[in-house]
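Given the structure is predicted, the values throughout are model-derived calculations rather than measurements. Numbering starts at 1 and runs along the sequence shown.
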Amino acid sequence: MDIKRTVLWVVFSFSLLLLWDSWMRHNGHQSMFFPSATPTQEQAAANPAAPTASPTGSPVPQAGTPAPAAAGTPGAVPGADGNAVASKGETITITTDLVKASIDTVGGELKRLELLKQPDVVDPTKNVVLFDSEPGHMYLAESGLIGGPFPNHKTIFTAQPGPRSLDNGNEVQLVLVADQGGVKLTKTYTFKRDSYLIDVKHTVTNATGAAINPSLYLQLVRDGNKPGGESHFYSTFTGPAVYSDSEHFEKLDFEKIANGKQQHVNKADNGWIAMVQHYFVSAFIPPEKAQRDVFSKKVGDNLYAVGSILPLGTVAPNASVTMDSQLYSGPTVSKTLQAIAPGLDLVRDYGHLTVIAEPIFWLMTHIHNLVGNWGWTIILLTVLIKLVFFPLSAASYRSMAKMKAVSPKMQSIRERHKGDPQAMNREMMALYKTEKINPLGGCLPIVIQIPVFIALYSVLLASVEMRGAPWLGWVHDLTAPDRLFGTIPYFNMPIGLLPIIMAASMFLQTKLNPTPPDPVQAKVMMFMPLVFSFMFFFFPSGLVLYWVTNNILSIAQQWVITRNIESGKTK
């Protein structure tokens, strides 16, 4: 029984990371310890020879194909003809206080979006760029019409004159117009001050002599690469997501999309589609109660699309129809996302422990409102959680302290019955009964706490609110590794103070715990702080700060209880 208790304690020591890693892999994420191969870093442009059909049966033009002349037959796919001559458009740049957007008059697609107040994790002198069309990274927001030879994201639009920056106003508009065979599409982007939310309005005017039945598609196209700066020691989700009232939040997998095995809601009259990455999201939000088909597909080599197709109904000659939608592209700030659309805040995915994680983050925001610093918020939150679990932790530490106190007697029993395991177990059980020790008592109270600790871990990992937030002194960004002592160049390994304190605290904990009877197990327990400190050198300093605080509080509680047990004050 003593060996089983020791083994369980070793398992617990790894469980706070390993269980989380297992859940991440179960949900389609990359493993923290065994990363799977990611799509190759290739140019994400493609020129497929044939279209991919949408759920409605009308093909959506492929991303990255050359911009052609107008298609001449209903249902033809612009850009599918390999002999089409590529057309060049003009790039219009719109600048607000938060974003710098580049929109191509070819299709009116949003092909670059720089977030002016979000430093890049790889090169802090630059800003985060979400939408992009550079070699090695393609990420686009596209829209257009299907159901006939209508304007789409490969048609040449004409930009109407107007301001290109906010200046002294609170919003700036870009109006793009395309006329194809008498069907005019007017696409209007509206950017607002202090907002990452873009209004995207599409107006279809039928100047032909017959009624038309167009459908509007809104799609996000992205390569399957992880964003730069992702750690190999923890995994975050990168990929498409869809939301509907019926199926709620659904994460999609690039590989399953490529294999045609991805299942998700196909029809709805609500919800949104999105591309998610660590700390950031882009989402098209069509109007509520508008019927739509939802699709996902592979559109090129390492290039994927997720989108909605919205029928606009019959448009009579000389009539017009307008559909308003919104495009959010920015950080995953929970309060902001909640105000935009139902369920949009779920892109901050906490996994199966959302029911625990959401109250934890709610508590964190209230603590931050009081102290105004996310570092101290983490420390105070850790203290509160330790207080909540104080009785369970105390029971665990009392059990371990008693085990440590009777270790000499246990060792004596092992030596007397080396060749008789049954006799040894009988005497061990008698000793446990006499000393009123539950050999599993040190583990079970801690196991109960594991879901809370994993949920807190997920909250700290997902909270963009802490991105760029300092704590004190040398910690300037709680989402970046601690680099107080620099970086080892060859391994690109940051060396910080917090991970060193973390290793020291783990070493002290092993000294307070009962010594495992097996010398190999004892060496493993002593070696663990070094292994963990190596991993924590790469972890965000906010996460390490939480672990350090938790360990210091645990050491203090365990030391007091152990001392009382040894002095006979606690039974």
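- Between Phe361 and Trp374, the ring planes are parallel. Angles under 30° get that label, and only those over 60° would be called perpendicular.
- A distance of 11.5 Å separates CD1 of Ile103 from CD of Glu90, quoted to the nearest 0.5 Å.
- Looking at Asn127 and Asp120, their side chains never bring a donor and an acceptor atom within 3.5 Å of each other.
- By the side chain to side chain contact (heavy atoms under 4.5 Å, CB included) test, Ala462 pairs with Tyr350, sequence neighbours left out.
- By the side chain to side chain contact (heavy atoms under 4.5 Å, CB included) test, Asp104 is found to be paired with Val106, Glu109, Lys111, residues two or more places apart in sequence or in another chain being considered.
- The ring-ring contact (aromatic ring centres under 6.0 Å, His included) analysis of residues 108-133, with sequence neighbours excluded, yields the pairs Phe131-Tyr139.
- Judged as a salt bridge (Lys or Arg N to Asp or Glu O under 4.0 Å), and not counting sequence neighbours, the contacts of Asp199 are Lys192.
- At a threshold of 4.0 Å, the pair Asp349-Lys251 counts as salt-bridged, since one of the basic side-chain nitrogens sits closer than that to a carboxylate oxygen.
- Residues Thr190 and Lys201 have side chains that never bring a donor and an acceptor to within less than 3.5 angstrom of each other.
- Listed by chain and number, the residues in a ring-ring contact (aromatic ring centres under 6.0 Å, His included) with His278 amount to none (sequence neighbours excluded).
- In this structure, Asp132 contributes its side chain and Arg112 its backbone to no donor-acceptor pair below 3.5 Å.
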Would you give me the side-chain donor-acceptor pairs under 3.5 Å for residues 327-334, sequence neighbours excluded?
unit_1 : atom_1 : unit_2 : atom_2 : d
Tyr328 : OH     : Pro331 : O      : 2.5
Ser329 : OG     : Ser282 : OG     : 2.7
Thr332 : OG1    : Tyr279 : O      : 3.2
Ser334 : OG     : Gln338 : NE2    : 3.4

